[in-house]
Asker: 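Okay, here's the structure, questions in a sec.
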Amino acid sequence: MIQNLPWLFLLLPLVVAAIDWVCFSKRPCVAATLSLLSAAATFALCVAYLLGLETGTPGTYTWMPASVEQLNLHLGLVMDPLAMRMMLVVTGIGLLVHLFSLGYMKGDSSNLSRYFAGLSIFMFSMTCIVMASNLVMTFIGWEMVGFSSYLLIGHWFHKDSAADAAKKAFITNRVGDFGFLIGILLTLGIFGTMNFAEMGGKAAGIAPAMLTVTIICLFCGAVGKSAQFPLHVWLPDAMEGPTPVSALIHAATMVAAGVYMLVRLQVSMGTAAFTDTACMVIATVGAITAVLAAIIATQQDDIKRVLAYSTLSQLGYMVMAVGLLAGEAAMFHLYTHAWFKALLFLGAGAIIICCHHEQDIWKMGGLAKRMPLTVLCFLMGTFALIAIPGFSGFFSKEAILDAALAKCPVFFWVGAGVAALTTFYMVRLCIVAFLGRARDHWAEHAKEAGATMLLPLLVLAVMAIISGYGFIADWLVPFEGFHAHGFSVGLPFYVSMGALVIGLFLAVAIYGFGKRGNDPLAGNFISRALRNRLYIDTLYDKVLIGGIQEMFSHVVEFIDAACIRGLLAQGLAWITTRIGILLSWIQNGSLRSYTVAAGLGVVILVYILAFQL
């Protein structure tokens with residue numbers, strides 16, 4: 001029994017989701033309690049394992065046997081340090097999101113049993129990715145995460161915007177997953193296995209070109225799931241779901257899956273499998289995403305969309321680090337980012353609820369006086385995100401910048417520019433939303449969030465401060481020889497401080513201290529382009545989707561009209577009709593015609609027989 005205890009990581013949230021959905025669809029309080037207890041139990045099990053308590057070694061089960069050993073599909077769990085420390089983040093933040101949801105969704109008119117069942121399915125899906133022992137099981141969790149996001153993003157499906165966002169997230173991820181599936185099949189073909197434990201050391205005898213194609217195809221999955229350019233368009237729209245869902249997607253689950261998968265492949269295959277070309281492609285895509293998202297964030301007015309583009313930018317940092325073969329720096333930033341980004345999203349959720357579901361920062365103002373504790377927690381997350389020394393984000397960002405400077409200085413300066421932009425748009429958000437006077441009735445009457453929302457904020461605020469220090473980070477990042485950066489004075493430190501000062505100065509110079517009633521940068525064509533996401537979504541909708549769909553509709557219409565309907569259906573009918581008309585000339589009911597035809601036939605028969613003789 002103790003051997004199979006780790007399977008509770010998967011089975012417990014899955015079973016609870018089924019019970020919530022089937023048995024307690026009309027009793028949301030019971031469903032919420034079961035989901036919360038499930039999250040607490042998996043978190044406790046993870047802590048028990050990390051503390052060295054006996055939790056068993058999970059068995060491996062053959063799911064689909066095959067005549068060839070390499071084609072056997074197994075269900076197994078990997079419980080190495082990389083997986084279990086990632087599980088600590090997933091279950092820890094998942095538990096806090098469940099708790100926060102009790103206050104956030106209170107009084108909501110939607111089906112709360114379905115909501116909490118969706119959270120449990122999300123926990124199951126991410127656990128399946130993190131603890132999978134092979135790529136097939138990873139792909140199952142990969143697709144389940146897409147299904148879970150569809151359910152939760154579209155939870156308020158009565159709104160067209162939410163339903164459209166759910167479909168957009170699901171379909172966009174399918175594009176990346178197609179490449180990921182090809183990469184899995186290529187991995188089986190060139191490595192002879194899909195089990196992570198059996199991949200090590202096999203890259204040496206494989207042609208570099210084949211390795212490059214395989215890694216880039218696998219990277220396509222990360223481009224979709226971690227919302228990298230050009231498949232980044234679904235993540236900002238995913239803000240249509242409840243804010244706790246946004247925190248879960250952005251911090252500990254869905255978007256982190258792509259980075260985790262790439263690091264898992266580097267650990268399993270070895271860095272030798274990541275050729276120079278593949279690494280350059282990965283790092284370049286990450287850098288483009290980081291810059292693009294940070295620029296767009298500077299002119300967003302929706303508090304959740306600012307944070308969404310911030311997540312895109314920080315994910316670009318992590319992917320860039322993976323491309324630079326600095327997996328330890330990528331995971332370090334993933335861990336610290338998970339805590340402070342969950343804090344920012346849940347803090348935004350508390351603000352939105354207390355402002356009567358208002359999300360426009362230009363309709364807030366003066367919240368620092370009315371919600372001091374919530375705003376203080378939000379500021380802790382902001383300080384970590386903009387990398388103020390002493391907060392967790394500073395240490396993990398420095399690790400990425402150090403790796404970039406050592407391996408490719410171009411990416412170092414890209415990272416520094418993104419850091420300045422990050423400071424600018426986050427300080428802009430805080431100035432507009434928290435300082436000055438209230439610009440709306442609901443902001444004027446806002447009050448502090450309830451206890452079920454404040455408690456997760458306080459826990460996350462502490463983690464946003466301390467998770468970057470060595471006594472936690474050196475244990476949390478499972479790479480041998482890894483040590484969290486201190487305040488080492490060098491070029492990265494000076495550049496980071498310069499970026500921080502530039503971003504802070506520009507934000508204060510433009511927006512003052514919250515006394516402006518509207519954005520002074522709004523109105524020009526650059527601002528309009530940024531507010532419209534540089535028209536990338538419009539390009540996809542009108543040109544790629546609309547244009548390609550229109551073109552294919554004409555092609556299909558031609559094939560249907562000319563080939564299927566014209567040639568096969570109507571053509572065969574026309575030929576049959578003409579043959580009937582020809583035969584009707586013979587079968588006309590005239591005795592004279594029949595006599596002539598019979599006589600002509602006799603003459604022809606006699607002629608043939610005479611010729612043969």
Asker: Which atom names give the shortest non-hydrogen contact between Thr374 and Gly347, and what distance separates them?
Answerer: CG2-O, 4.1 Å

Asker: How long is the straight-line distance from CG of Leu45 back to CG of Leu50, given to the nearest 0.5 Å?
Answerer: 10.0 Å

Asker: How far apart are the closest heavy atoms of Ala473 and Gly468, and which atoms are they?
Answerer: CB-O, 3.8 Å

Asker: Val145 and Asn173: side-chain contact (heavy atoms from CB on, under 4.5 Å), yes or no, with the steps?
Answerer: CA-CA 10 Å; Val145 163; Asn173 273 274; over 6 Å; no

Asker: Under the side-chain contact (heavy atoms from CB on, under 4.5 Å) rule, collect the residues that match up with Ile182, sequence neighbours excluded.
Answerer: Phe178, Leu186, Cys217

Asker: Would you find a donor on one side and an acceptor on the other, under 3.5 Å apart, between the side chain of Asn134 and the backbone of Met137?
Answerer: yes

Asker: What is the minimum heavy-atom distance between Ala416 and Leu401, and which atoms define it?
Answerer: N-CD2, 4.1 Å

Asker: Quick check: do Phe424 and Ile502 have side-chain heavy atoms less than 4.5 Å from each other?
Answerer: no

Asker: Do the side chain of Gln359 and the main chain of Lys304 share a donor and acceptor less than 3.5 angstrom apart?
Answerer: no

Asker: For residues 269-287, dump all side-chain donor-acceptor pairs below 3.5 Å to protein atoms at least two apart in sequence or in another chain.
Answerer:
from   : atom 1 : to     : atom 2 : distance (Å)
Thr275 : OG1    : Thr212 : OG1    : 2.6
Thr275 : OG1    : Ala278 : N      : 3.3
Thr284 : OG1    : Met280 : O      : 2.6

Asker: Rounded to the nearest 0.5 Å, what separates atom CD1 in Ile386 from atom SG in Cys430?
Answerer: 7.5 Å

Asker: Is a donor on one side and an acceptor on the other found under 3.5 Å between the side chain of Arg305 and the backbone of Pro236?
Answerer: yes

Asker: Determine yes or no for a side-chain-to-main-chain donor-acceptor pair under 3.5 angstrom, with Tyr49 supplying the side chain and Met79 the backbone.
Answerer: yes

Asker: For Thr187, enumerate each residue passing the side-chain hydrogen bond (donor to acceptor under 3.5 Å, both in side chains) test, keeping only those at least two apart in sequence or located in another chain.
Answerer: none

Asker: Any side-chain heavy atom of Thr42 sitting closer than 4.5 Å to one from Thr127?
Answerer: no

Asker: For Met87 and Val130, work out which heavy atoms get closest and say how close.
Answerer: CG-CG1, 3.8 Å

Asker: Sequence neighbours left out, what passes salt bridge (charged side-chain N to carboxylate O under 4.0 Å, His left out) with Arg531? Give chain and number order.
Answerer: Asp301, Asp519

Asker: Should Met194 and Ile184 be marked as a side-chain contact (heavy atoms from CB on, under 4.5 Å) after you check the CA-CA gap, both sets of side-chain angles, and the distance that decides it?
Answerer: CA-CA 7 Å; Met194 289 182 288; Ile184 291 174; 3.6 Å; yes

Asker: Does Phe505 CZ have over 12 foreign heavy atoms under 6.0 Å away?
Answerer: no

Asker: Using a 4.5 Å cut-off on heavy atoms from C-beta on, say whether the side chain of Leu457 contacts that of Leu343.
Answerer: yes

Asker: Could you walk me through whether Tyr511 and Val427 pass the side-chain contact (heavy atoms from CB on, under 4.5 Å) check?
Answerer: CA-CA 9 Å; Tyr511 296 98; Val427 174; over 6 Å; no

Asker: Check whether any side-chain N or O of Ser310 sits under 3.5 Å from a backbone N or O of Val306 as a donor-acceptor pair, and report yes or no.
Answerer: no

Asker: Using atom types as modelled and distance alone, determine if a side-chain donor or acceptor of Tyr317 lies under 3.5 Å from a backbone N or O of Gly415.
Answerer: yes

Asker: How are the rings of Phe340 and His337 set relative to one another: parallel (under 30°), tilted (30 to 60°) or perpendicular (over 60°)?
Answerer: perpendicular

Asker: Would you call Leu315 and His232 a side-chain contact if the rule is heavy atoms closer than 4.5 Å?
Answerer: no

Asker: Which residues pass the side-chain hydrogen bond (donor to acceptor under 3.5 Å, both in side chains) test with Thr336, sequence neighbours left out?
Answerer: Ser396

Asker: Output yes when a side-chain donor or acceptor of Asn195 lies under 3.5 Å from a complementary backbone atom of Ala197, and no otherwise.
Answerer: no

Asker: Under the rule for ring pair (Phe, Tyr, Trp, His ring centres under 6.0 Å), what residues qualify as partners of Phe378, not counting sequence neighbours?
Answerer: Phe434

Asker: Should Leu135 and Phe196 count as side-chain neighbours, where that means a heavy-atom distance under 4.5 Å?
Answerer: yes

Asker: Kindly compute the distance separating CD1 (Ile215) from CG (Leu265), expressed to the nearest 0.5 Å.
Answerer: 6.0 Å

Asker: For residues 219-230, tabulate all N or O donor-acceptor pairs below 3.5 Å that involve a side-chain atom, not counting sequence neighbours.
Answerer:
from   : atom 1 : to     : atom 2 : distance (Å)
Lys225 : NZ     : Trp142 : O      : 3.1
Ser226 : OG     : Val255 : O      : 2.5
Ser226 : OG     : Gly258 : N      : 3.2
Ser226 : OG     : Val259 : N      : 3.4
Gln228 : OE1    : Thr289 : OG1    : 3.4
Gln228 : NE2    : Ser226 : O      : 3.1

Asker: To the nearest 0.5 Å, tell me how far Leu429 CG sits from Leu307 CG.
Answerer: 6.5 Å

Asker: Look at the rings of Phe180 and Phe139 and say which category their plane angle falls in: under 30° parallel, 30 to 60° tilted, over 60° perpendicular.
Answerer: tilted

Asker: Sort and list the pairs that fulfil salt bridge (Lys or Arg N to Asp or Glu O under 4.0 Å) and have at least one residue in residues 263-273, not counting sequence neighbours.
Answerer: Asp80-Arg264

Asker: Counting only N and O atoms by type, is there a donor-acceptor contact under 3.5 Å from the side chain of His98 to the main-chain atoms of Gly94?
Answerer: yes

Asker: Between Met131 and Met84, is a side-chain contact (heavy atoms from CB on, under 4.5 Å) present by the stated rule, with each step listed?
Answerer: CA-CA 8 Å; Met131 301 187 69; Met84 295 314 299; 4.1 Å; yes

Asker: Under 3.5 Å, which donor-acceptor pairs do the side chains of residues 202-209 form with other protein atoms, sequence neighbours left out?
Answerer:
from   : atom 1 : to     : atom 2 : distance (Å)
Lys202 : NZ     : Phe191 : O      : 3.4
Lys202 : NZ     : Glu198 : O      : 3.4

Asker: Taking side chain as C-beta onward, heavy atoms only, is Met497 less than 4.5 Å from Phe394?
Answerer: yes

Asker: Among pairs that include at least one residue of residues 246-267, which meet ring pair (Phe, Tyr, Trp, His ring centres under 6.0 Å), considering only residues two or more places apart or in two chains?
Answerer: His250-Phe345

Asker: Please tell me if the side chains of Cys377 and Leu458 come closer than 4.5 Å, counting only heavy atoms from C-beta onward.
Answerer: yes

Asker: Using modelled atom types only, decide if a donor and an acceptor are shared between the side chain of Lys341 and the backbone of Gln314 within a distance under 3.5 Å.
Answerer: no

Asker: Arg533: what forms a salt bridge (charged side-chain N to carboxylate O under 4.0 Å, His left out) with it, not counting sequence neighbours?
Answerer: Asp237, Asp537

Asker: Do Thr298 and Leu521 have side chains that get closer than 4.5 Å, going by heavy atoms?
Answerer: no

Asker: If every non-hydrogen atom of Ile93 is compared with every non-hydrogen atom of Ala342, which pair is closest and at what distance?
Answerer: CG2-CB, 4.0 Å

Asker: How close do Pro456 and Leu346 get, heavy atom to heavy atom, and via which atoms?
Answerer: CB-CD1, 4.4 Å

Asker: To the nearest 0.5 Å, what is the distance between CD1 (Ile388) and CD1 (Ile465)?
Answerer: 11.0 Å

Asker: Which label fits Phe383 and Phe391: parallel for a plane angle under 30°, tilted from 30 to 60°, or perpendicular past 60°?
Answerer: perpendicular

Asker: Under the rule for side-chain contact (heavy atoms from CB on, under 4.5 Å), what residues qualify as partners of Met463, not counting sequence neighbours?
Answerer: Trp339, Ile466, Ser467

Asker: Which distance, rounded to the nearest 0.5 Å, do you find between the NZ of Lys407 and the CG of Leu325?
Answerer: 5.0 Å

